[in-house]
Amino acid sequence: MTDIDVVLLLLTVVIALTLIARRLAISAPIVLVLGGLLLSQVPGLAKFTIPPELVFVVFLPPLLYSAGYFTSIRDFKANLRPIVLLAFGLVLFTVAVVGVVAHALVPTLGWAGAFALGAIVAPPDAVAATSIFQRLGVPRRVVTVLEGESLMNDATALVAYRFAVAAALAGSFSLLDAGAAFVVVLAGGLAVGLVIGTIADRLVPRISDTSVLVAITLLVPYAMWLAAESIGVSGVLAVVIGGLYGRHAMRHASSDARGVANGAWQILLFVLNGFVFVLIGLQLPNVVRAVIAESGEPTESALRVITIAFVVTLVVIVARVVWVYPASYLPRFLIPKVRARDPYPGWRNVAVVAFSGLRGVVSLAAALSLPLDFPERELIVFVTFVVILATLVGQGLTLPWLVRLLGVVRADSTGHDEAHARVLIAEAALSRIPDLETQWPGHKPLIDVLRAQYEHRTTHLESEHSDEPGAAEQETLEHANIRRELIDAERRAALDLHGRGVISEEILRRLERDLDLEELRMEA
């Protein structure tokens with residue numbers, strides 16, 4: 001098969017498996033991995049090998065950028081303490097624990113090699129977990145903490161991985177030098193993300209061509225990644241920070257550009273996520289064959305390798321549980337100010353967070369990126385694949401059952417909040433109408449129609465969730481300007497409600513989407 005045939009085949013498989021996952025109400029990454037594993041057993045199908053640079057350079061930047069883009073900065077700041085404890089504390093704890101256990105099981109790894117394995121399997125991937133939670137209606141704070149963790153933990157793990165690999169190849173390690181370099185790498189990644197994010201923020205309002213602007217949004221994460229990696233700092237952190245900044249930049253774009261960009265990014269993320277998880281399943285048979293070929297006696301080596309993989313997987317799962325409970329309760333117990341500001345969480349919510357350590361694409365890319373002469377490389381890659389499969393499939397399939405068993409459901413109603421927000425922004429538009437009546441005295445009939453529409457909206461939105469009324473076709477530029485003024489007033493009111501904490505990021509995105517669509521209907 002040619003490369004084009006392979007790409008088309010995989011795209012077809014991704015679409016089919018995603019439809020199956022939705023029909024079965026199972027998280028798509030789980031079905032994609034299992035489907036890839038079954039596909040690898042088809043006779044005559046070419047054996048797949050994933051180039052590490054394909055994952056790091058092609059897949060990872062847009063996936064991380066989008067995660068940052070759709071993260072609420074306000075919610076991120078509000079949950080900064082638990083996010084930092086998970087993204088930095090838990091990752092380093094997992095690296096240490098797995099490193100000690102791996103060294104005891106496989107002394108030929110050496111300490112640096114053992115810690116490299118720990119760094120590879122340390123960072124969870126939130127894609128599968130959050131897709132499960134959103135379907136089950138898990139409390140928003142649980143999802144926010146897990147999404148925030150997934151934003152930052154990749155940077156921590158990959159920096160630790162970089163130092164462990166360098167130490168293994170050099171044969172020496174200095175904790176003081178590594179600690180200083182760790183800070184520099186993270187700070188440098190932060191700086192690169194902010195600089196390129198600022199440039200993009202200034203560039204967006206100057207581009208009126210929708211196609212060009214959307215193309216730039218697709219290139220920005222790659223520019224951040226390549227710029228950061230070229231100077232030896234964290235590309236992961238640069239892309240994440242750039243994604244957080246990107247939402248502010250796109251508010252300067254037109255409604256048309258935001259709508260087209262949203263569609264383009266949805267398709268890109270669907271394809272990239274699908275390819276990554278299918279490739280995990282396709283790659284596993286190659287890894288198994290490589291481990292057996294390297295170790296000699298098939299039966300004895302298979303039992304040894306499986307035992308090592310099982311123990312490391314168990315350690316990864318248990319380490320998260322051991323860390324999450326003390327990290328959730330000890331700070332509140334020891335520091336009264338923390339407890340007063342943020343009371344003890346329910347143990348059920350903590351249990352769900354502790355069981356949500358599903359591994360994915362970052363662990364896969366890190367394992368495959370090990371140098372070919374790295375000690376016990378094939379064993380490390382195999383163990384990583386087992387950890388990914390066990391957590392992604394094993395924990396992923398049991399997570400919905402655990403959520404239902406514990407009764408962890410969202411207590412708040414976003415529907416009421418959204419309806420109330422729509423009333424408030426409609427009232428903001430109404431408050432602009434007297435000024436517009438003075439500014440455009442020759443268009444009183446249109447203004448009267450608009451006033452009636454917005455008054456109707458404020459009267460009925462509290463009790464009904466009706467569609468936005470379509471905008472009448474405008475015959476003059478003045479009519480369009482009047483309508484645009486009102487939409488801008490609504491948009492500013494929505495941003496103000498979000499800034500004051502009245503509505504969530506999720507509701508703000510829906511309001512902005514509807515206002516963009518209304519503006520597009522007006523221009524049609």
Side-chain angles (χ1 to χ4, degrees), residues 52 84-125 149 152-183 185-186 234 236 287 291 294 304-324 326-327 354 357-360 362-371 373-391:
V84 168
L85 287 173
L86 291 173
F88 293 95
L90 176 57
V91 166
L92 296 177
F93 177 70
T94 305
V95 171
V97 173
V98 171
V100 170
V101 173
H103 186 268
L105 292 172
V106 190
T108 53
L109 273 174
W111 281 110
F115 288 131
L117 173 59
I120 289 170
V121 299
D125 187 329
E149 175 196 4
M152 309 304 296
N153 62 12
D154 295 339
T156 308
L158 290 178
V159 172
Y161 165 82
R162 178 185 301 182
F163 291 138
V165 171
L169 297 178
S172 61
F173 178 76
S174 168
L175 183 61
L176 182 62
D177 292 344
F182 186 87
V183 174
V185 168
L186 292 181
S234 175
V236 171
V287 174
V291 172
E294 184 183 71
R304 171 179 170 273
V305 168
I306 291 172
T307 301
I308 293 170
F310 173 79
V311 173
V312 171
T313 301
L314 187 62
V315 169
V316 167
I317 295 172
V318 172
R320 184 176 180 88
V321 176
V322 169
W323 177 270
V324 165
L358 283 62
R359 269 58 180 179
V362 174
S363 296
L364 167 69
L368 295 176
S369 296
L370 286 171
D373 59 346
F374 197 84
E376 302 286 355
R377 181 185 186 278
E378 300 302 335
L379 175 62
I380 292 176
V381 173
F382 175 77
V383 171
T384 303
F385 268 85
V386 172
V387 171
I388 293 173
L389 284 174
T391 56

How long is the gap from [atom1] on [X] to [atom2] on [Y], to the nearest 0.5 Å?
{"X": "Phe182", "Y": "Thr156", "atom1": "CZ", "atom2": "OG1", "result": "5.0 Å"}
{"X": "Ile120", "Y": "Leu158", "atom1": "CD1", "atom2": "CG", "result": "9.5 Å"}
{"X": "Ile308", "Y": "Thr313", "atom1": "CD1", "atom2": "OG1", "result": "11.5 Å"}
{"X": "Glu149", "Y": "Leu90", "atom1": "CD", "atom2": "CG", "result": "6.0 Å"}

Under a 4.5 Å cut-off applied to non-hydrogen side-chain atoms, are [X] and [Y] in contact?
{"X": "Leu186", "Y": "Phe88", "value": "yes"}
{"X": "Thr94", "Y": "Arg320", "value": "no"}
{"X": "Leu379", "Y": "Leu117", "value": "no"}

### Task
Would you please classify the geometry between the His103 ring and the Trp111 ring as parallel, tilted or perpendicular, with 30° and 60° separating the classes?
parallel

Please report the closest heavy-atom contact between [X] and [Y], naming both atoms and the distance.
{"X": "Pro124", "Y": "Asn153", "value": "CD-ND2, 3.1 Å"}
{"X": "Ala87", "Y": "Val91", "value": "O-CG2, 3.3 Å"}
{"X": "Ala168", "Y": "Phe374", "value": "CB-CE1, 3.4 Å"}
{"X": "Pro123", "Y": "Ser363", "value": "O-OG, 3.9 Å"}
{"X": "Ala114", "Y": "Ala102", "value": "CB-CB, 4.1 Å"}
{"X": "Val165", "Y": "Pro371", "value": "CG1-CD, 4.0 Å"}

### Message
Evaluate Val98 against Phe115 for side-chain contact (heavy atoms from CB on, under 4.5 Å), listing each step before the verdict.
### Response
CA-CA 7 Å; Val98 171; Phe115 288 131; over 6 Å; no

### Task
Go through Val305 and Phe310 one step at a time and tell me if the side-chain contact (heavy atoms from CB on, under 4.5 Å) criterion holds.
CA-CA 9 Å; Val305 168; Phe310 173 79; over 6 Å; no

### Query
Does Ser234 use its side chain to pair, donor to acceptor, with the backbone of Ala155 at less than 3.5 Å?
no

If you look only at distance, which donor and acceptor atoms sit under 3.5 Å apart when one is on a side chain in residues 380-391 and the other is two or more places apart or in another chain?
unit_1: Thr384; atom_1: OG1; unit_2: Ile380; atom_2: O; d: 2.8
unit_1: Thr391; atom_1: OG1; unit_2: Arg359; atom_2: N; d: 3.1
unit_1: Thr391; atom_1: OG1; unit_2: Val387; atom_2: O; d: 2.7
unit_1: Thr391; atom_1: OG1; unit_2: Ile388; atom_2: O; d: 3.3

### Message
Please evaluate residues Leu86 and Met152 with respect to the criterion side-chain contact (heavy atoms from CB on, under 4.5 Å), reporting the C-alpha separation (whole Å), side-chain torsions for both, the decisive distance (0.1 Å), and the verdict.
### Response
CA-CA 9 Å; Leu86 291 173; Met152 309 304 296; over 6 Å; no

